[in-house]
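Each remark here refers to the structure printed beneath this line.
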2 protein chains.
Amino acid sequence: MRATRRGQGGVTVQDVARAAGVSAMTVSRVVNGGHNVRESTRLAVAEAIERLQYKPNPAARSLAVGEATQIGLLYANPSAAYLSQFLIGALAAARRAGCHLVLEPCEGESADEQAESTRQFAGADVQGVILPPPLCESEPVRTELAAAGIPSVAVAMGRHEAGTYNVRIDDFEAAAAMTRHLIDLGHRDIAFIRGHPNQVASAERYRGFVHAVEAAGLDPKAMRVEPGYFTYRSGLAATERLLRQSPRPTAIFAANDDMAAAAVGVAHRQGLHIPRDISIVGFDDVALATNVWPELTTVRQPIAQMAETAVAMLLARLRKRGGDAGEGEELVVPHELIVRESTAPPPKAGGAR
Amino acid sequence: MRATRRGQGGVTVQDVARAAGVSAMTVSRVVNGGHNVRESTRLAVAEAIERLQYKPNPAARSLAVGEATQIGLLYANPSAAYLSQFLIGALAAARRAGCHLVLEPCEGESADEQAESTRQFAGADVQGVILPPPLCESEPVRTELAAAGIPSVAVAMGRHEAGTYNVRIDDFEAAAAMTRHLIDLGHRDIAFIRGHPNQVASAERYRGFVHAVEAAGLDPKAMRVEPGYFTYRSGLAATERLLRQSPRPTAIFAANDDMAAAAVGVAHRQGLHIPRDISIVGFDDVALATNVWPELTTVRQPIAQMAETAVAMLLARLRKRGGDAGEGEELVVPHELIVRESTAPPPKAGGAR
DNA sequence: GTTCTGGATGTTAGCGATAACCTAGAGCCC
DNA sequence: GGGCTCTAGGTTATCGCTAACATCCAGAAC
């Protein structure tokens with residue numbers, strides 16, 4: 001641990017090599033998957049690493065391999081809760097790989113603005129991009145990325161498309177499970193508030209809802225469906241329309257938590273008790289879901305884990321080839337139904353007349 | 001742009017040096033502040049950099065300088081909106097400096113859990129830590145950090161303490177400004193919902209409120225004050241207590257947006273129109289503030305910028321010395337009063353009787 | 001026995017940037 | 001004019017790690 005110009009006397013491969021009686025190269029091999037290393041040697045090295053508390057220096061590694069060092073993340077106002085979870089996961093994966101995350105906000109809705117934000121990446125030198133929703137389905141973004149030859153991996157793009165890389169949950173199945181939960185509680189009149197019409201996930205969630213309704217022997221046409229845009233405001237409007245009607249539905253299934261939170265607000269304002277008078281459920285399990293009273297029954301997406309997986313997938317893809325599209329790849333991660341306090345059996349028949 | 005083993009044919013200092021007819025060292029000097037470089041040379045190099053679109057390789061830089069490569073961020077559930085903003089800023093600064101951000105959640109409230117989370121950092125090799133609220137005021141965290149000899153910079157720690165490093169806004173002045181806004185609108189009966197009693201910022205905001213009230217010639221004792229904990233739930237309870245009373249206040253100043261949002265919910269439920277019947281204001285300007293109807297008048301903290309500044313301050317501190325405490329440093333960044341739709345003049349006298 | 005094969009290791013040479021040191025002049029003093 | 005200081009700039013030697021190639025040796029193949 002000689003005093004070089006650098007302050008911290010970190011443990012290096014050399015130190016480990018000496019301690020284990022092998023060469024630095026062998027240590028390096030053990031650290032990275034380690035092919036062509038005899039078992040006994042591997043153990044000796046592993047022991048030395050453990051004893052010396054060796055941690056590879058990521059800067060040196062990425063310098064040596066000359067690999068991707070910056071990967072982009074183009075975000076456009078998913079809810080803050082979603083973004084922070086997403087960042088936590090993405091960061092963990094990026095750090096492990098020794099590469100930096102370059103964030104780029106993409107405020108505008110217009111194609112021009114989206115293309116412009118995307119172009120930023122071509123200038124900064126990011127070697128790949130991950131796209132959380134809703135940008136993963138934006139045509140301008142994808143076109144621009146393709147034009148610049150920057151590979152990307154989408155997260156939560158509703159449905160698989162050939163040649164694309166995607167990490168998602170099974171929106172269809174999750175929505176169906178939620179619907180079954182309501183039906184099992186006894187609800188027969190369930191209203192559905194849809195998500196943004198441009199996002200495939202919206203359609204998938206609706207499909208799942210319809211499927212579960214039919215599977216229970218009910219008529220999907222009898223269920224009221226309101227349009228929505230995944231925003232609090234749109235949830236407000238949709239719920240107002242729903243609760244104006246009589247008889248009112250005994251349950252509302254909003255395609256995301258923001259709209260569900262809005263539904264809770266409107267119901268409260270109309271003097272309804274949740275879940276006694278009406279059940280309300282959401283989708284996503286963002287923090288908002290527990291910041292509302294009562295806490296929402298919802299579907300949890302493992303957002304951080306999905307982001308982590310997406311980064312890993314992107315890096316693997318970059319490692320493999322120079323950037324040609326490859327064949328695409330899709331990974332479906334498990335979701336979870338979270339039952340909280342916003343659901344209960346419907347009021348006794350006739351209660352809402 | 002020879003084909004080395006690395007795929008990307010990046011521009012290096014050497015390329016720039018050749019193009020400008022100088023040595024690599026000179027280019028490096030120009031890039032980093034550049035002392036001892038003649039003006040004409042500097043310009044030539046700058047021109048070459050621009051022309052070749054040179055971007056220094058952060059990995060190589062941090063390897064060469066042997067500086068901090070990992071800085072920690074210990075977070076404990078500030079609102080998701082706060083965290084995501086914070087991360088955006090911190091990430092930008094970290095990337096510029098070529099160092100990685102290591103996130104560590106600190107869930108527990110107990111001293112043990114907090115100390116344990118902090119200890120994680122000693123193991124991973126982070127060279128410094130930044131502490132967003134509320135952890136910046138946690139005694140166990142600070143003790144543990146000191147024991148491990150890891151320098152830290154706090155963000156939004158309410159008040160300066162000798163020997164500590166801190167980036168914050170002027171909570172006192174901001175709260176006073178908000179209070180003046182309400183008084184200027186004509187409010188004379190303003191209720192205040194306090195923040196978490198353990199955080200200095202809560203006290204500062206309250207002090208600011210009292211100060212402005214007195215400055216306007218009103219009696220602070222006449223203003224109702226409710227305890228709160230910065231949570232949505234505590235805001236709910238506080239507002240219910242306030243609105244049960246008669247006459248009810250014409251305005252409610254909640255010490256953060258989460259509680260203000262709760263206040264809006266309760267007021268709505270009681271059939272009050274905001275801002276016609278009652279004005280409600282918050283503090284922080286997190287996304288929640290615009291996810292509620294009407295959008296909240298609040299105080300904006302430049303969260304991302306504060307995080308960025310904190311990281312820069314930490315790095316400067318690490319660069320300077322090995323880690324001894326130094327003398328502490330404090331930076332107060334400007335806040336901004338954001339007037340939206342949740343404030344208006346009070347109802348005509350007697351309206352609330 | 002000789003050649004070949006292939007797995008396990010060591011050696012060398014960078015990756016891109018900068019710290020530390022060195023050099024050549026310019027300006028200045030006595 | 002010799003010695004000195006100061007400045008602008010170049011040289012060299014790493015930082016820690018890993019590709020690429022070289023080496024060595026056991027066993028297989030002939």
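Since the model is a prediction, treat every value here as computed from it, not as a measurement. By convention in this document, chain letters (A, B, ...) are assigned in the order of the sequence lines, proteins followed by strands, and residues within each chain are numbered from 1. Excluded from the calculations below are hydrogen atoms, water molecules and symmetry mates; all remaining heavy atoms, backbone and side chain alike, are included.
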Can you see which heavy atom on [X] is nearest to which on [Y], and at what distance?
{"X": "A:Ala156", "Y": "A:Glu137", "result": "O-OE2, 4.4 Å"}
{"X": "B:Leu101", "Y": "A:Arg95", "result": "O-CD, 3.5 Å"}
{"X": "A:Ala307", "Y": "A:Phe86", "result": "CB-O, 3.3 Å"}
{"X": "B:Asp15", "Y": "B:Arg18", "result": "OD1-NH2, 3.1 Å"}

Pairwise side-chain contact, B:Ile169 with B:Pro334, heavy-atom cut-off 4.5 Å (strictly under):
no
Considering only side-chain heavy atoms of B:Ala60, which listed nucleotide, D:dC17, C:dT18, C:dG16, is closest?
C:dG16
Which of these nucleotides, D:dC17, C:dA17, D:dA8, is closest to any side-chain atom of B:Arg38?
D:dA8
What bend angle does the helix from C:dG1-D:dC30 to C:dC30-D:dG1 show across its length, from five-pair end axes and to the nearest 10 degrees?
50°
Enumerate the residues from residues 23-30 of chain B whose closest heavy atom to DNA chain C is under 4.0 Å, giving them by residue number; use none for an empty result.
B:Met25, B:Ser28
For A:Thr12 and D:dC15, is the shortest distance between a side-chain N/O and OP1 or OP2 below 4.0 Å?
no
Below 4.0 Å: OP1/OP2 of D:dG16 and any side-chain N or O of A:Asn57:
no
Please, which pairs that meet side-chain hydrogen bond (donor to acceptor under 3.5 Å, both in side chains) have at least one residue in residues 110-119 of chain B, sequence neighbours excluded?
B:Ser110-B:Glu113, B:Gln114-B:Ser138, B:Glu116-B:Arg119, B:Glu116-B:Gln120, B:Arg119-B:Glu144
Sequence neighbours excluded, which residues qualify as side chain to side chain donor-acceptor pair (under 3.5 Å) partners of A:Glu308?
A:Arg96
Considering residues at least two apart in sequence or located in another chain, which fulfil the side chain to side chain donor-acceptor pair (under 3.5 Å) criterion with A:Gln70?
A:Asp125
Separation of [N] [atom2] from [X] [atom1] (nearest whole Å):
{"X": "B:Ile49", "N": "C:dA17", "atom1": "CD1", "atom2": "C1'", "result": "13 Å"}
{"X": "B:Gln14", "N": "C:dA17", "atom1": "CD", "atom2": "C1'", "result": "9 Å"}
{"X": "A:Arg61", "N": "D:dC15", "atom1": "CZ", "atom2": "P", "result": "19 Å"}
{"X": "A:Asn32", "N": "D:dG16", "atom1": "CG", "atom2": "P", "result": "17 Å"}
{"X": "A:Leu63", "N": "D:dA19", "atom1": "CG", "atom2": "P", "result": "12 Å"}
{"X": "B:Asp15", "N": "C:dG16", "atom1": "CG", "atom2": "P", "result": "8 Å"}
{"X": "B:Leu43", "N": "D:dG9", "atom1": "CG", "atom2": "P", "result": "11 Å"}
{"X": "B:Asn36", "N": "C:dA24", "atom1": "CG", "atom2": "C1'", "result": "14 Å"}

Just checking A:Ser62: base, sugar-phosphate only, or nothing, at a heavy-atom cut-off of under 4.0 Å?
nothing
Please classify the nucleic acid contact of B:Val31 as base, sugar-phosphate, or nothing, using heavy-atom distances under 4.0 Å.
nothing
Closer than 3.5 angstrom, by distance alone: can the side chain of [X] be matched with the main-chain N or O of [Y] as a donor-acceptor pair?
{"X": "B:Ser28", "Y": "B:Ala24", "result": "no"}
{"X": "B:Asn32", "Y": "B:Arg29", "result": "no"}
{"X": "B:Arg317", "Y": "B:Ser152", "result": "yes"}

So, taking the atom named CG in A:Leu314 and the one named CD1 in A:Ile150, what distance separates them when rounded to the nearest 0.5 Å?
10.5 Å
Are any protein N/O atoms closer than 3.5 Å to N/O atoms in nucleotides 25-28 of chain D? If there are, list each pair with its distance.
none

